[in-house]
Asker: 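The following block contains the structure, expressed as structure tokens.
Here is how names work: the chains are called A, B, and so on, in the same order as the sequence lines, proteins then strands, and each is numbered from 1.
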There are 2 protein chains.
Amino acid sequence: MSSNSKQNGLEAHQGQDTTAEEAWPMFVEFLKSKASRITQARRIVFDRVFARHDHFRADDLTAELSSGSDYVSRGTVYRTLDLMTEAGLVQKIRDQDVHAHYEHIYGHGRHHHLICENTGEFIEFSNKVISDEIDCICKKHHFNQRFHRVVVFGTLTDTKA
Amino acid sequence: MSSNSKQNGLEAHQGQDTTAEEAWPMFVEFLKSKASRITQARRIVFDRVFARHDHFRADDLTAELSSGSDYVSRGTVYRTLDLMTEAGLVQKIRDQDVHAHYEHIYGHGRHHHLICENTGEFIEFSNKVISDEIDCICKKHHFNQRFHRVVVFGTLTDTKA
DNA sequence: ATTACTGCAAAGCATTTGCAAATGC
DNA sequence: GCATTTGCAAATGCTTTGCAGTAAT
């Protein structure tokens, strides 16, 4: 296996971050493990993601990559971002269901959720330790909290004996 | 001011929850404070929201209200839900920006965010107390955690002296 | 009577998808 | 050479909006 990403028959992309160089082999491994291909488009998207150090939207990347020699199409940007998320290299900040859910809160109070990824079930909880800790963090950061939200993703294990 | 919501010239909607009856006057107050009107459509949406005790999508409501004598149009459902959110009677579970944001996490680790509602700034933090507490909650609920997310909404107070 | 609200249908917008051409292996 | 990927453009699905008619004050 070629251990150096520069040998993949791709031009060197200049101005690259150390992390990108470090992380690329991980993505390569991931793709290989899925019998997926190491393509130019994937490398380009990958580099752009690691060139950034902020939060971005898929659309921002699409825009950046929509002209010039590094052109990658919208569809491919989304598809690659999904792969990188699956590989654990990228965090999707508002993921799962894109669309808003509501619930009434009168006589209910703020609470948080465990979301089961199998059944879609929501389990509610509230917890003072967490709230207090968050208050403390806010204070530290001179942040005036309006409210907070905690969401835990995972699966509900069957409790039946 | 009429203190009983049943006097608002609207038919009584049967099968109603106590909370709906309790909360309705609050919504009325809210609407009055905005010089907005108490309408049938708003009452119908309101009742449907409080008749539910789960999480729902705006679309679910629209579907429920798209036939029969309690018809309310999609647009109005969304508009009313916004009002109820503004009034603090409803919690929008995936709010703020509807669209996904990404960030790369290699050499970064999982972390959480304080989001400034004025500037859109993200401040990152990670905290073991919170993670531990969440682990504990998951155990209690027989929940197999994949990952969790904490988001705090509010405003960054200027720290300059 | 006045002005806000509703219903409708069309527009918006991020995201997804089907398919023919291109590319990696 | 064969199978996966890409680019394209159209489709999707939730949400928003403009406007003319309707209802609340």
Asker: Between A:E64 and A:R57, is there a side-chain N and carboxylate O pair less than 4.0 Å apart?
Answerer: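 No, A:E64 and A:R57 are not salt-bridged.
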Asker: Tell me: CZ of A:R37 to C1' of C:dG24, nearest whole Å?
Answerer: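 Result: 5 Å.
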Asker: A:N127: which residues meet the side-chain contact (heavy atoms from CB on, under 4.5 Å) condition with it, sequence neighbours left out?
Answerer: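 So A:N127 forms a side-chain contact (heavy atoms from CB on, under 4.5 Å) with A:F125, A:V129, A:I130, B:E133, B:I137.
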Asker: Taking all non-hydrogen atoms of both residues, which atom of A:L65 and which atom of A:D70 are closest, and how far apart?
Answerer: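 A:L65 and A:D70 have their closest heavy atoms at CD2-O, 3.6 Å.
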Asker: What is the minimum heavy-atom distance between A:L89 and A:F50, and which atoms define it?
Answerer: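 For A:L89 and A:F50, the tightest heavy-atom pair comes out as O-CZ, 4.2 Å.
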Asker: What contact category does B:R74 fall into here, base, sugar-phosphate, or nothing, at under 4.0 angstrom with non-hydrogen atoms?
Answerer: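 Base contact.
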Asker: Could you state the atom-to-atom distance from CZ of A:F27 to C1' of D:dT5 in whole Å?
Answerer: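 Going from A:F27 (CZ) to D:dT5 (C1'), I get 13 Å.
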Asker: Round to the nearest Å and state the distance from A:Q40 atom CD to C:dT23 atom C1'.
Answerer: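 Rounded to the whole Å, the gap is 9 Å.
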Asker: Closest approach to the side chain of B:T39, judged atom by atom: which nucleotide of C:dC25, D:dA24, C:dG24 is it?
Answerer: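 Ranking C:dC25, D:dA24, C:dG24 by closest atom to the B:T39 side chain puts D:dA24 first.
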Asker: Is it the case that the side chain of B:T80 and the backbone of B:R42 share a donor-acceptor pair, with hydrogens and angles ignored and the cut-off at 3.5 Å?
Answerer: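 Side chain of B:T80 to backbone of B:R42: no pair is present.
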Asker: Both A:G75 and B:G75 contact DNA chain C. Taking the nearest nucleotide for each, which residue is further toward the 5' end?
Answerer: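 It is B:G75, whose closest nucleotide lies nearer the 5' terminus.
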Asker: Between atom CG in B:L61 and atom P in C:dT6, what is the gap in whole Å?
Answerer: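 After rounding, the reported distance stands at 15 Å.
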Asker: Among C:dA14, D:dA24, D:dT15, which nucleotide sits nearest the side chain of B:A58?
Answerer: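 The nucleotide sitting nearest to the side chain is D:dT15.
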Asker: Using a cut-off of less than 4.0 Å, is there contact between a side-chain N or O of A:S36 and OP1 or OP2 of D:dT5?
Answerer: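 Looking at the OP1 and OP2 atoms of D:dT5, one of them is under 4.0 Å from a side-chain N or O of A:S36.
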Asker: Can you tell me the distance, in whole Å, between the CD1 atom of B:I44 and the C1' atom of D:dA24?
Answerer: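 So the two atoms are 15 Å apart, to the nearest Å.
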Asker: At less than 4.0 Å, is any side-chain N or O atom of B:R57 found next to OP1 or OP2 of D:dC14? Yes or no.
Answerer: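 The answer is yes; a side-chain N or O of B:R57 sits under 4.0 Å from OP1 or OP2.
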Asker: Any residue in residues 76-84 of chain B with a heavy atom nearer than 4.0 angstrom to DNA chain C? Just list them by number, or reply none.
Answerer: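 Nucleic-acid contacts, sorted: B:T76, B:R79.
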Asker: Measure the distance from CZ on A:R42 to P on C:dT23 and round it to the nearest whole Å.
Answerer: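 After rounding, the reported distance stands at 15 Å.
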Asker: Counting heavy atoms not belonging to B:R74, are there more than 12 under 6.0 Å from its CZ?
Answerer: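 No.
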Asker: Ignoring the backbone of B:Y71, work out which of D:dG7, D:dT5, C:dG7 is nearest its side chain.
Answerer: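 That would be C:dG7.
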Asker: Can you check the A:D60 CG to C:dT15 C1' distance for me, whole Å?
Answerer: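 Atom-to-atom, A:D60 to C:dT15, this comes out as 14 Å.
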Asker: Which one is paired to D:dC19, where only Watson-Crick or G-U wobble pairs with both distances under 3.5 angstrom count?
Answerer: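 By the stated definition (distances under 3.5 Å), C:dG7 pairs with D:dC19.
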Asker: Rounded to the nearest Å, what distance is computed from the NZ atom of residue A:K34 to the P atom of nucleotide D:dA3?
Answerer: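 Those two atoms, NZ and P, are 19 Å apart.
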Asker: Restricting to non-hydrogen atoms, name the atom on B:H141 and the atom on A:I123 that form the minimum distance, rounded to 0.1 Å.
Answerer: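 Nearest heavy atoms, B:H141 then A:I123: ND1-CG2, 3.7 Å.
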